[in-house]
2 protein chains.
Amino acid sequence: MQIVRKNLTFQLDKPILYMMTKKRRRLLELLQESVQPLSAQQVYEQMEESLDMATVYRGLKYLEEAGEISSFLLDCSERGVERYYSQSSSCHRHFLHCVSCHSFTSLNECPLGSLEKIEKETGFRVEEHYLTLKGTCEKCQINVRGK
Amino acid sequence: MQIVRKNLTFQLDKPILYMMTKKRRRLLELLQESVQPLSAQQVYEQMEESLDMATVYRGLKYLEEAGEISSFLLDCSERGVERYYSQSSSCHRHFLHCVSCHSFTSLNECPLGSLEKIEKETGFRVEEHYLTLKGTCEKCQINVRGK
DNA sequence: AAAAATATGCAAATCGTTCGCAAAAATTTG
DNA sequence: CAAATTTTTGCGAACGATTTGCATATTTTT
């Protein structure tokens with residue numbers, strides 16, 4: 001990650017100028033270090049330096065708008081409906097969510113076929129897509145069997 | 001739709017006995033008549049007979065557990081994060097959501113390729129999946145052009 | 001270094017959704 | 001069929017995730 005200063009950073013085509021403060025950088029680093037997508041609450045808990053919850057939310061929203069991270073909604077039986085954040089690595093990612101241990105596993109590639117067919121059929125111009133797969137991870141399958 | 005009476009209805013393999021009250025039937029009918037998935041709020045507004053919001057929520061949850069309807073989460077720029085409900089027709093469905101007029105378009109088929117590959121790669125047993133496509137519907141594309 | 005702009009902490013507000021409880025409706029029992 | 005029992009409904013309060021207003025702190029611009 002580069003250090004970003006106001007008026008100096010451009011994302012996508014249109015220039016988005018933004019400011020990378022210490023706190024925001026820590027938020028971003030935390031997400032970059034994490035293998036798992038994290039909810040705002042989890043980010044808050046994992047921050048060593050103190051950071052207000054409102055600042056976490058504002059920071060995450062800011063980083064997302066700046067294109068550094070991306071998020072999705074998940075309804076988890078354990079934690080309820082929350083937004084989860086992860087770094088915006090090279091390409092967009094999807095996750096498998098284990099309904100038993102509630103961990104995420106990242107997919108290597110997007111299992112979605114071409115969207116062109118859909119666009120032709122529906123007349124829609126598809127701009128983004130979110131895919132959530134739910135199931136049971138390898139570990140939890142074994143654990144259940146073991147019992 | 002069949003009229004369901006306690007102890008007389010079975011869903012899937014395991015017998016789920018459930019009671020179809022007048023209010024619940026109206027909820028279900030509303031969703032069956034609607035082309036679009038509806039949020040609890042929209043269901044509430046479209047109900048001619050008065051129905052408490054708590055009852056709407058409870059009824060929708062009940063119908064979903066009974067397998068009559070299904071739901072998904074959507075973050076819409078206009079309406080925020082809400083759960084949307086639609087009847088569980090024969091097979092499971094996915095929707096395209098227009099980011100301009102906020103309407104839904106139903107997909108004819110699931111664009112997801114085989115999940116087997118994913119299961120092999122990840123060891124995951126995939127049980128369900130949710131796909132949200134966002135973009136611009138045909139009408140809104142034309143409207144924008146027209147301006 | 002001072003002035004201006006922006007971010008942060010704190011507390012209160014918001015919004016979708018859920019819950020407790022008493023009354024109403026549906027089901028079961030005798 | 002009426003009484004007893006179970007389940008649902010309405011109402012208001014509670015909840016949890018997220019947002020907002022405002023005064024203060026930090027960062028940027030001058």
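Every chain is numbered from 1 and lettered A, B, ... according to where its sequence line falls, protein lines coming before strand lines. Keep in mind that what you see is a predicted model, and the values were worked out from it rather than measured.
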| said: Minimum heavy-atom separation for A:C137 and A:C98, please, with both atom names. | reply: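 Heavy-atom minimum between the residues: N-SG, 3.4 Å.
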| said: Pairing donors with acceptors under 3.5 angstrom, does anything connect the side chains of B:E128 and B:Y130? | reply: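 Yes - a donor-acceptor pair under 3.5 Å links their side chains.
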[X] [atom1] to [N] [atom2], straight-line distance once rounded to whole Å:
X     : N      : atom1 : atom2 : result
A:E49 : C:dG9  : CD    : C1'   : 13 Å
A:L63 : C:dA7  : CG    : P     : 11 Å
A:L51 : D:dT26 : CG    : C1'   : 14 Å
A:E45 : D:dG16 : CD    : P     : 14 Å
B:D75 : D:dA17 : CG    : P     : 16 Å
A:M47 : C:dT8  : CE    : C1'   : 13 Å
A:M20 : D:dT27 : CE    : P     : 14 Å
A:Y44 : D:dT18 : OH    : C1'   : 14 Å

Between [Y] and [X], is there a salt bridge with N-O shorter than 4.0 Å?
X      : Y      : answer
B:E49  : B:K22  : no
A:E119 : A:K117 : no
B:E64  : B:K61  : no

| field | Close aromatic pair by centroid cut-off 6.0 Å: B:F104 and B:Y84 | value |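 Yes, ring centres under 6.0 Å apart.
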| Ring centres of B:F95 and B:F72 under 6.0 Å apart? |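 Yes - the distance between ring centres of B:F95 and B:F72 falls below the 6.0 Å cut-off.
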| query | Can you find a side chain N or O atom of B:T21 that sits less than 4.0 Å from OP1 or OP2 on D:dT9? | reply |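 Checking B:T21 against D:dT9: at least one side-chain N or O falls below 4.0 Å of OP1 or OP2.
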| message | If you compare every side-chain N and O of A:R24 against the phosphate oxygens of C:dT8 (OP1, OP2), does one of them come in below 4.0 Å? | response |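 Answer yes for this pair, as a side-chain N or O of A:R24 is under 4.0 Å from OP1 or OP2.
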| Closest-nucleotide 5' rank along DNA chain C - winner of B:R79 and B:K22 |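 Going by which nucleotide is closer to the 5' end, it is B:R79.
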| said: Which nucleotide wins on minimum distance to the side chain of B:Y62, given the candidates C:dA7, D:dT8, D:dG10? | reply: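 The nucleotide sitting nearest to the side chain is D:dT8.
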| said: Counting only side-chain heavy atoms from C-beta out, which of C:dT27, D:dG10, C:dA7 sits nearest to B:M19? | reply: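 Closest nucleotide among those given: C:dT27.
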Detail all sub-3.5 Å separations between protein N/O atoms and N/O atoms belonging to nucleotides 17-23 of chain C.
unit_1 : atom_1 : unit_2 : atom_2 : d
C:dT17 : OP1    : B:R83  : N      : 3.1
C:dT17 : OP2    : B:Y57  : OH     : 2.5
C:dT17 : O5'    : B:Y57  : OH     : 3.3
C:dG20 : O6     : B:R58  : NH1    : 3.4

